[in-house]
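Working notes for the structure below.
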Amino acid sequence: MQENQNFAGKASSYQKGRSSYPDQLKSVLHTLVFPHTAHPRAADIGCGTGIFSRLLIDCGFHVYGIEPDLSMLSLAAEELDSRLFTPVSGTAEDIPLSDNSVDLVSCAQSFHWFDSVPFRAECDRILRPNGKILLIWNTKDTDSPIIRDYQEICTRILGTRFSGFHNGLNLSGKEVLSFFHSHEHTLTFSNDQFVSMEKFLHWCLSSSYSPQKDDPCYLYFLDECKKLFVRYCVSDKILLPSNTIVHIGN
């Protein structure tokens, strides 16, 4: 799991800049995943600062947040109800939970960092019978001008450090769909975001490829992102076109 190194020092920007998930996901969890399960338990793998864990808690889950970056895990623990959220330092390939202990394994913005073979074995081990797996991404609309311009900034300034969004993974390709023993549903929801410059800059700095303050290109990257915001802003905000894609199976 590469996530620990790529997101080191980015917990604050991740918490302040990343998007939440659409409310429609709550009805998905209620109707498609667990219409009859009482007191369900979920393992949120690569939970980061707990953005998706919060939605799971709102749906009635007790959540085990699995995360290798201790600064992100600490922020999640501070933000979420300790009665319903258990922070666990660990990785997707070695999940420190007991066998048959959870009803759901979720990966929000994280699956593309995992070694899928050992992670699949861990899912089989910790999931209870009839348990489900959710793979979720908030995606950038690469047909929109602002996202194309942001992509150009990343390519021009960051070079080979930037391999594309989501680590270059095709989010509906074979590598994703073949992970499931049985792939049941693919759902897509609109999740456009209207954000201030502050939130936009944190969004820009929260990615694995984003430069840190001690990086020689940090100020140049930040300045180009500020210019991009000014170019597209209306009433001090910009629209970030986004969709949320959800794969459900077991």
Salt bridge (charged side-chain N to carboxylate O under 4.0 Å, His left out) assessment of K16 paired with E198
CA-CA 9 Å; K16 295 173 182 177; E198 180 182 11; 5.6 Å; no
Looking at S210 and S207, would you say the former's side chain and the latter's main chain have a donor-acceptor pair under 3.5 Å?
yes
Gap between atom CZ of F194 and atom CG of L240 - 0.5 Å precision:
9.5 Å
Under the 3.5 angstrom rule, does the side chain of E93 hit a backbone N or O of D115 as a donor-acceptor pair?
yes
Any side-chain heavy-atom pair of T49 and E79 under 4.5 Å
no
Is it true that M197 and Y14 fall in one hydrophobic cluster, defined by side-chain heavy atoms closer than 4.5 Å?
no
For D236 and F229, which heavy atoms make the closest approach, and how far apart are they?
O-CZ, 3.5 Å
Would a line drawn from the ring center of F179 to the ring center of H181 be shorter than 6.0 Å?
no
Scan side-chain atoms only and decide if D44 and S106 contain a donor-acceptor pair under the 3.5 Å cut-off.
yes
Output, in order, the C-alpha distance, side-chain angles, deciding distance and verdict of side-chain contact (heavy atoms from CB on, under 4.5 Å) for I157 and F162.
CA-CA 9 Å; I157 297 177; F162 177 68; over 6 Å; no
Between the side chains of S242 and D192, does any donor sit under 3.5 Å from an acceptor?
no
M72 vs L75, side-chain contact (heavy atoms from CB on, under 4.5 Å): CA-CA, chis, key distance, verdict
CA-CA 5 Å; M72 286 202 178; L75 286 177; 5.8 Å; no
Determine whether L127 and V105 make a side-chain contact, defined as any pair of heavy atoms from C-beta on separated by less than 4.5 Å.
yes
Smallest heavy-atom separation, P87 atom then A77 atom, equals CG-CB, 4.0 Å
Can you give me the closest heavy-atom contact between L70 and S89, atom names plus distance?
CD2-OG, 3.7 Å
Side chains of F85 and C47: does their closest heavy-atom pair fall under 4.5 Å?
yes
Could you tell me which residues satisfy ring-ring contact (aromatic ring centres under 6.0 Å, His included) with F221, sequence neighbours excluded, listed by chain and number?
none
Hey, what do you get for CG (L25) to CG (L55), rounding to the nearest 0.5 Å?
6.0 Å
How far does CG of D103 sit from CZ of R41, to the nearest 0.5 angstrom?
9.0 Å
Test item: side-chain donor near acceptor, N170 and E175, under 3.5 Å:
no
Should I51 and V195 be regarded as members of a common hydrophobic cluster, given that ILVMFWY residues are connected when their side-chain heavy atoms come within less than 4.5 Å of each other, either directly or indirectly?
no
Under 4.5 Å between any side-chain heavy atoms of R161 and P211, yes or no?
yes
Under a 4.5 Å side-chain heavy-atom rule over Ile, Leu, Val, Met, Phe, Trp and Tyr, are L80 and L104 clustered together?
yes
Determine whether L169 and F165 fall in the same hydrophobic cluster, where Ile, Leu, Val, Met, Phe, Trp and Tyr are linked whenever their side-chain heavy atoms lie under 4.5 Å apart.
no
side-chain hydrogen bond (donor to acceptor under 3.5 Å, both in side chains) with S13: of Q212, H202, K199, only one passes, and it is H202
side-chain contact (heavy atoms from CB on, under 4.5 Å) evaluation trace for T86 with V63:
CA-CA 6 Å; T86 302; V63 178; over 6 Å; no
Using side-chain heavy atoms (C-beta onward) and a distance below 4.5 Å, is Y64 in contact with S101?
no
SG (C225) and CG (L201) are apart, to the nearest 0.5 Å, by 6.5 Å
Under 6.0 Å between the ring centres of H183 and H247?
yes
Establish, from distance only, whether the side-chain atoms of R54 and Y21 form a donor-acceptor pair under 3.5 Å.
no
Is it the case that atom CG in N130 sees more than 12 heavy atoms from other parts of the structure closer than 6.0 Å?
no
S110 side-chain N/O to I45 backbone N/O, donor-acceptor pair under 3.5 Å
yes
Find out whether V28 and I248 are in side-chain contact, i.e. whether some heavy atom of one side chain is under 4.5 Å from a heavy atom of the other.
yes
One pair to check against side-chain contact (heavy atoms from CB on, under 4.5 Å): C233 and F200. What are the steps and the verdict?
CA-CA 11 Å; C233 76; F200 175 68; over 6 Å; no
Using atom types as modelled and distance alone, determine if a side-chain donor or acceptor of E67 lies under 3.5 Å from a backbone N or O of D69.
yes
Would you call the rings of H166 and H112 parallel, tilted or perpendicular, taking 30° and 60° as the class edges?
perpendicular
Say whether, by atom type as modelled, one donor and one acceptor occur between the side chain of K26 and the main chain of D58 under 3.5 angstrom.
no
Taking the side chain as every heavy atom from C-beta outward, state whether F119 and I95 have any pair of such atoms under 4.5 Å apart.
yes
If you look at every heavy atom in A108 and F52, which pair is closest and at what distance?
CB-CB, 3.6 Å
List the atom of I146, the atom of L239, and the distance in Å for their closest heavy-atom pair.
CG2-O, 3.8 Å
Under 4.5 Å between any side-chain heavy atoms of K10 and S206, yes or no?
no
Would you say the ring centroid of W203 lies under 6.0 angstrom from that of Y150?
yes
If you measure from CG on L135 to CZ on F114, what distance do you get to the nearest 0.5 Å?
9.0 Å
Compute whether any side-chain donor of one residue and acceptor of the other, for D149 and Q151, lie under 3.5 angstrom apart.
no
When you group the ILVMFWY residues by side-chain heavy-atom contacts below 4.5 Å and let the links chain together, are V117 and I133 in the same group?
no
Kindly compute the distance separating CG (L187) from CG (L134), expressed to the nearest 0.5 Å.
9.0 Å
Looking at N138, is its backbone amide N or carbonyl O close enough to the side chain of T244 to form a donor-acceptor pair, meaning the two atoms are under 3.5 Å apart?
no
Could you work out, with salt bridge (charged side-chain N to carboxylate O under 4.0 Å, His left out) as the rule, every residue matching D223, not counting sequence neighbours?
K227
What is the minimum heavy-atom distance between I126 and L97, and which atoms define it?
CG2-O, 4.0 Å
